[in-house]
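In what follows, a structure is listed as C-alpha cells, so that the remarks can point back to it.
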Amino acid sequence: MTTPPEAHGDERGALLSALAGQRAAFRQAVEGLTEEQARSTPSASELSLAGVIKHVTAVETGWLATMRDGVRPDYTDPATFETHAASFVPTEDETVAVLLDRYDQAAAETEKAVHDLPSLNDTFMLPDAPWGEGGPRSWRWALLHLIEEAARHAGHADVIRETIDGHKAMG
C-alpha cells in the first residue's frame, strides 16, 4: 500500500496518512494466516507477527499517553523493561483479531488527539531513557517517530511473513 496523498497544505493529514500506511502493513502481513502461523517465530529473531502487532500497539498507546496525558515511564524501574519485553508476547486470549482491533483503537485515539490539537508545534516532555536524552518534543516530532517505529516493525513483519510462506506483506 502506498501512502494516500493529503489535501494540499494539510501537514496533519500527511503525517497521519503516512502512519496509516505503515499500520496497514501489519494487517497485510497476517492476512490469510492461521493463528499458529501468526504466533510462529520462523526467522532468526524471536519475533512473531502477532507479537509485533501487540508491540506496535503498546508503543503507540504509550507514546500517546506521554504526549497527551504527560505519562512519563520510569526507565530506572526494572518493571518498565519487563512490561516492554512482554509487549512482544501475545497471551493465549490475544488472537490476531483481538490484537488488530486494539491496534485500530489505538490508531483512532491517536488520530483524534492529533486532530484535536491546536498545533503540531505543541510540546510535551519526553523522559530520559537509556537510548536517549529526554526533553521537550513537538507533536510533529512524535508523529514522525511513530511513523519511524511502525516502519521499522513493518519491515520485521514483512521478513517474518516471507519466512512463513514466501509471501511478502506488501503483495
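Numbers for residues simply follow the sequence, beginning at 1. This is a predicted model, so every value here is computed, not measured.
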Intermediate values then yes/no, side-chain contact (heavy atoms from CB on, under 4.5 Å), Leu120 and Leu15: CA-CA 10 Å; Leu120 291 175; Leu15 293 169; 3.9 Å; yes
ring-ring contact (aromatic ring centres under 6.0 Å, His included) pairs, two or more places apart, involving residues 41-73: His55-His84, His55-Phe88, His55-His153, Trp63-Trp141, Trp63-His145
side-chain contact (heavy atoms from CB on, under 4.5 Å) between Arg39 and Glu35, worked out: CA-CA 6 Å; Arg39 290 172 175 273; Glu35 287 292 327; 4.0 Å; yes
Worked check of side-chain contact (heavy atoms from CB on, under 4.5 Å) between Leu99 and Thr57: CA-CA 8 Å; Leu99 293 169; Thr57 303; 6.0 Å; no
Under 3.5 Å donor-acceptor, Arg161 side chain and Ala29 backbone: yes
Partners passing side-chain contact (heavy atoms from CB on, under 4.5 Å) against Thr41 (at least two apart in sequence or in another chain): Ser48
Basic-acidic side-chain contact under 4.0 Å: Arg152, Glu148: yes
Where Ile160 and Ser43 come nearest, the two heavy atoms and their spacing: CG1-OG, 4.1 Å
Closest contact, heavy atoms only, Ala18 versus Ile147: CB-CD1, 3.8 Å
ring-ring contact (aromatic ring centres under 6.0 Å, His included) contacts in which one or both residues fall within residues 89-118, not counting sequence neighbours: Phe26-Tyr103
Side-chain donor/acceptor of Gln37 to backbone N/O of Thr34, under 3.5 Å: yes
Qualifying salt bridge (Lys or Arg N to Asp or Glu O under 4.0 Å) pairs with a residue from residues 11-21, counting only residues at least two apart or across chains: Glu11-Arg140
Pair Arg137-Asp122, salt bridge (charged side-chain N to carboxylate O under 4.0 Å, His left out): steps then yes or no: CA-CA 8 Å; Arg137 299 290 191 276; Asp122 284 8; over 6 Å; no
Pairs meeting criterion side chain to side chain donor-acceptor pair (under 3.5 Å) with involvement of residues 71-81, two or more places apart: Asp74-Thr76
Arg102 side, atom CZ; Ile53 side, atom CD1 - distance, nearest 0.5 Å: 12.0 Å
Atom pair CG (Leu49) and CD (Glu31), whose distance is rounded to the nearest 0.5 Å: 12.5 Å
hydrophobic_cluster_shared for Leu16 and Leu117, side chain cutoff 4.5 Å: yes
Test side-chain contact (heavy atoms from CB on, under 4.5 Å) applied to Thr83 - qualifying residues, sequence neighbours left out: none
For Asp69, side-chain hydrogen bond (donor to acceptor under 3.5 Å, both in side chains) partners two or more places apart: none
Those residues that, when tested against Glu109, pass salt bridge (Lys or Arg N to Asp or Glu O under 4.0 Å) (two or more places apart): Arg68
Indicate every side-chain donor-acceptor pair of residues 125-133 with a distance under 3.5 Å to a residue at least two apart or in another chain.
unit_1: Asp128; atom_1: OD1; unit_2: Gly134; atom_2: N; d: 2.6

Distance, nearest 0.5 Å, that separates OG1 of Thr110 from CG of Leu19: 7.0 Å
Closest non-hydrogen atom pair between Ala151 and Gln22, with its separation: CA-OE1, 3.2 Å
Contact list for residues 44-62, test salt bridge (Lys or Arg N to Asp or Glu O under 4.0 Å), sequence neighbours left out: Arg23-Glu60, Lys54-Glu94
Closest contact, heavy atoms only, Thr66 versus Val71: OG1-O, 2.7 Å
Stepwise side-chain contact (heavy atoms from CB on, under 4.5 Å) test for Ile164 and Ser40: CA-CA 8 Å; Ile164 290 171; Ser40 69; 3.8 Å; yes
Exam field: side chain Ser17 to backbone Ala14, donor-acceptor pair closer than 3.5 Å: no
Within-4.5 Å side-chain heavy-atom neighbours: Val96 and Leu33: no
Non-neighbouring partners of Ala58 that pass side-chain contact (heavy atoms from CB on, under 4.5 Å), sequence neighbours left out: Ser87
Linked, directly or transitively: Val59 and Phe81 (ILVMFWY side chains, under 4.5 Å): no
Residues forming a side-chain contact (heavy atoms from CB on, under 4.5 Å) with Thr123, sequence neighbours excluded: none
